Amino acid sequence: MASARKQVQQLARQLFRLSVVDGEVSAERVAGVLAYVEKNRPAHPVAVLRSYQRLIAAEIARCRAVVDHAGPLAAGVLEAISAAMTRRYGRRITGSARRNDSLIAGVRVRVGDDVYESSVAGQLEQLARSV
Amino acid sequence: MSSVLEQIEQQIAKLSSKGVKKNTGMIRTVADGVAKIEGLSEVMYNEMVQFPGGAIGIALNLEEDEVGCVILGDISKLKEGDEVQTTGRLLSVPVGKALLGRTVDALGNPVDGKGPVAAKEFFPVEKIAPGIIVRKSVSQPLFTGIMAIDSMIPIGRGQRELIIGDRGTGKTTIAIDTIINQAKINKVGLASGDPKFRPVYSIYVAVGQKNSNIVRTLAALEAAGALEYTIIVAAPAADNPANQYLAPYSGAAMGEWFMENGMDALIVYDDLSKHAVAYRQISLILKRPSGREAYPGDVFYLHSRLLERSARLDGKGSLTALPIIETLAGDVSAYIPTNVISITDGQIFLETDLFNQGIRPAVSVGLSVSRVGSAAQIKATKQVGGKLKGELAQFRELAAFAQFGSDLDAKTKAQLDRGSRIVELFKQPAFNPLPIELQVSVLFAMQRGFFDPVDVKKVVAAATSLKDFFTTRKDALLTEIRTKAALDKDLEAKLQAACEEWKPTFAA
């Protein structure tokens, strides 16, 4: 059971490596990988594809800056954040804005696992934790 | 002038709301106190991880695409998909004198209902043990107050002495007696105003114990007035295995504070068998490869790194450890007992047979040993009890042979008589440790043959009478023994005279 899971993860990682070109996920390569899996069905195909999907999603998230904001976002802010994150991480990062009124005010930027908290809701949460 | 402006600018910068960076992950599974987390790409080994709802976890398994965390606290509200974040801190517990008299959990949170702990300092739970250079050899005694131990298996400050035996043989009682004795010595020493006196603070770590047992221990310490010098770290059987796994390390961190600050401390791990079981549970759930008896490969390191933290430091204090191991049917060759025996500087082995025969504490003299030896004994104890272990071992051997024959020569008979009296003399009720000066007096009386005319069955009563006589009427002599710590000719004469004075008061 444990070795089967390990094999699934190994294959998923192999497929993932094939899908990345110059540090970015290539849509063409992903299509190619999917076609290959369709043709040469591995053992536990669903588990392999789920694991592969997780790896691709994590990689896409690493190259995207999701900007949550309460209230309107000033023009140019998204571009400025994308540029700053590109500089910080040393890879091209594209920005996307998402309205989130629960933040009360300010922004929250998520790049992969990293979250940059600059919202009132985040500060209140931190305050509550420290009390 | 510009520097002033810069300072103001810096102050403004501090006050302005800045973005805070967090590294996050997502719970993939939660089961049996362990969470598998996706993400947390920057997490460090043993780092504290913040779960929603205030629970914290420790990252123990760092794998390529997931992190295995043990969760400390309430896991009932956690679910798949919850966000988790790193804290950048290793697990730390409050330390210091503010913890004395308190009962805390594995994280140092008070559980005794006496309000928050006013600790100002924190020490990391996991710490590398002191190296070779900073250590000093063990040479100062730590009196347990148990005559059989102090005279034959002496323990020194900074030593690791294992207490091992089957269930219900009095392992915890020995540990509690030792803690109570430290409190008694502390009270006398601090009252004397001696600037050289070094009190010993105690830490009792209860791992996997029944809550009722912990309450009983607490009550015994409180009744003996020892709680004010003691910290209790409780990870009872109802706690999750993560807390049980961490509790000894938390206790060690609290003890290290005393050691690092030039004080002496004693830590009791009650018991490491249950600690190993808790770690085995965590390891199996984390899917780490299992070895003998399903324990993980690093179960030796689990205890060696813990016990190595007990030491006597040069120019600083000491941390003495009394780990407890429970055996099954007296089997000391099982996996965990042999591991811990090899790490410690000796063991006090308690036998079920002796316990059932009414010999309490049921210390097996043959199997018990202290590798520090007489280096941790005061001269007075060496003078009166130096040959005791040999005499008792001879007695056991002769007693075994004497069962087969009725005709015994006078010498053998004398040895048997003496041995049986020593056995009786070493019987001691629970939670009643004896001061070392009183032990010396009793052993002196025994060596000088004052118990020889007493019937074996009445030796315990005679010893009690002698102790009462000394405590009520020879207080000055006891103080002299305590301060001199050695018997010179003058003291020996005074002791002899005191024993002669006592003799007619006890009707054999």
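These figures come from a predicted structure and were not determined experimentally. So that the names make sense, note that chain A is the first sequence line, chain B the second, and so on, each numbered from 1.
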- Query: Would you say B:Lys120 has more than 12 foreign heavy atoms packed within less than 6.0 Å of its NZ?
  - Reply: no
- Ignoring hydrogens and angles, state whether a donor on the side chain of B:Asn23 or A:Asp114 is under 3.5 Å from an acceptor on the partner side chain. yes
- Task: Would you please test B:Asp65 and A:Arg13 for side chain to side chain contact (heavy atoms under 4.5 Å, CB included) and show each step?
- Result: CA-CA 10 Å; B:Asp65 51 1; A:Arg13 256 181 240 131; 3.7 Å; yes
- Message: I'd like to know whether CZ of A:Arg41 has more than 12 heavy-atom contacts from other residues, nucleotides or ligands below 6.0 angstrom.
- Response: no
- To the nearest 0.5 Å, what is the distance between CZ (A:Arg110) and NZ (B:Lys22)? 8.0 Å
- Comparing B:Glu64, B:Glu42, B:Glu38, B:Met26 against chain A, the one with the most heavy-atom pairs below 4.5 Å turns out to be B:Glu64
- Does a sphere of radius 6.0 Å around NZ in B:Lys77 hold more than 12 heavy atoms from other residues, nucleotides or ligands, not counting ones at 6.0 Å or beyond? no
- Note on the structure: Those residues of residues 60-85 of chain A that come under 4.5 Å of chain B on a heavy-atom basis, listed by number, are none
- Message: With a sphere of 6.0 Å drawn around CZ of A:Arg99, does it hold more than 12 non-hydrogen atoms of other residues, nucleotides or ligands?
- Response: yes
- Cut-off 3.5 Å, side chains only: do A:Asp113 and B:Thr24 have a donor facing an acceptor? no
- Decide if atom OH of B:Tyr301 counts as having more than 12 heavy atoms of other residues, nucleotides or ligands within a radius under 6.0 Å. no
- Query: Taking atom CG of A:Asn40 as the centre, does the number of heavy atoms from other residues, nucleotides or ligands within less than 6.0 Å exceed 12?
  - Reply: yes
- Item | Crowding at OH, B:Tyr335 (>12 non-hydrogen neighbours, <6.0 Å) | yes
- Going through the checks in order, is the salt bridge (charged side-chain N to carboxylate O under 4.0 Å, His left out) test met by A:Arg54 and B:Glu66? CA-CA 11 Å; A:Arg54 258 203 312 270; B:Glu66 69 177 15; over 6 Å; no
- Query: Would you say A:Arg91 has more than 12 foreign heavy atoms packed within less than 6.0 Å of its CZ?
  - Reply: yes
- From A:Glu117 CD over to B:Gln85 CD, what is the distance, rounded to the nearest 0.5 angstrom? 8.5 Å
